[in-house]
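Quick notes on the structure that follows.
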Amino acid sequence: VQLQASGGGLVQAGGSLRLSCAASGRPFRNYGMGWFRQAPGKEREFVAAINWNGGSTYYADSVKGRFTISRDNAKNTVYLQMNSLKPEDTAVYYCAAALGGRVLITSGYDYWGQGTQVTVSS
């Protein structure tokens, strides 16, 4: 599976962005999908995940109520709608695909995209 993330950019605090991750290769619907982020000098951390049919979603406490993950299996794309952005959300955001069910941890993912930069100014 090849993953291409897009939609990052510079936004003021309180603003919104929508990230997209387009998948190609093996059947997209077989994979749980997740978003992770990595800020400078910090470890990569879990942001949100969604199971294969969108029936289950998971969020880090830091983004719960502000971010929404969704997927469109017909378009082989997963999205991350980010609202009420804060400066601490600044990071490179990565999408990833998991063939197994362990979507809450980095090691549960089989494929990673290249990342898209999100910068939130105060």
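A quick note: this is a predicted structure, and the numbers were derived from the prediction, not measured.
Looking at Tyr94, Tyr111, Trp112 one by one, the single match for side chain to side chain contact (heavy atoms under 4.5 Å, CB included) with Leu3 turns out to be Tyr111.
A centroid separation of less than 6.0 Å is found between the aromatic rings of Tyr109 and Phe36.
Judged by distance alone, the side chains of Asn83 and Ser16 do bring a donor and an acceptor atom under 3.5 Å apart.
The cationic atom of Arg71 (NZ for Lys, CZ for Arg) lies less than 6.0 Å from the six-membered ring centre of Phe28 and within 45° of the ring axis.
Of the possible polar contacts, one joining the Arg66 side chain to the Ser84 backbone as a donor-acceptor pair under 3.5 Å is found. Judged by distance alone, with hydrogens and angles left aside, the side-chain atoms of Asn53 form no donor-acceptor pair with the main-chain N or O of Asn73 at under 3.5 Å. Put simply, the side chain of Thr119 never gets that close to the backbone of Leu10: no donor and acceptor are under 3.5 Å apart. For Gln114 (side chain) and Ala5 (main-chain N/O), a donor-acceptor pair under 3.5 Å exists by modelled atom type.
Between Thr68 and Met82, the closest side-chain pair of non-hydrogen atoms is not below 4.5 Å. The shortest distance between side-chain heavy atoms of Arg102 and Ser107 falls below 4.5 Å.
Salt bridge annotation for Lys64-Asp61: present, with a cationic side-chain nitrogen under 4.0 angstrom from a carboxylate oxygen.
In the hydrophobic clustering of this structure, Leu85 does not group with Val92; members are Ile, Leu, Val, Met, Phe, Trp, Tyr whose side-chain heavy atoms approach within less than 4.5 Å, directly or through other members. Note: the hydrophobic cluster containing Val118 does not contain Phe46 (ILVMFWY, side chain heavy atoms under 4.5 Å, direct or indirect links).
Heavy atoms only, all atoms of each residue included: Ala98 and Gly108 are closest at CB-O, 3.3 Å.
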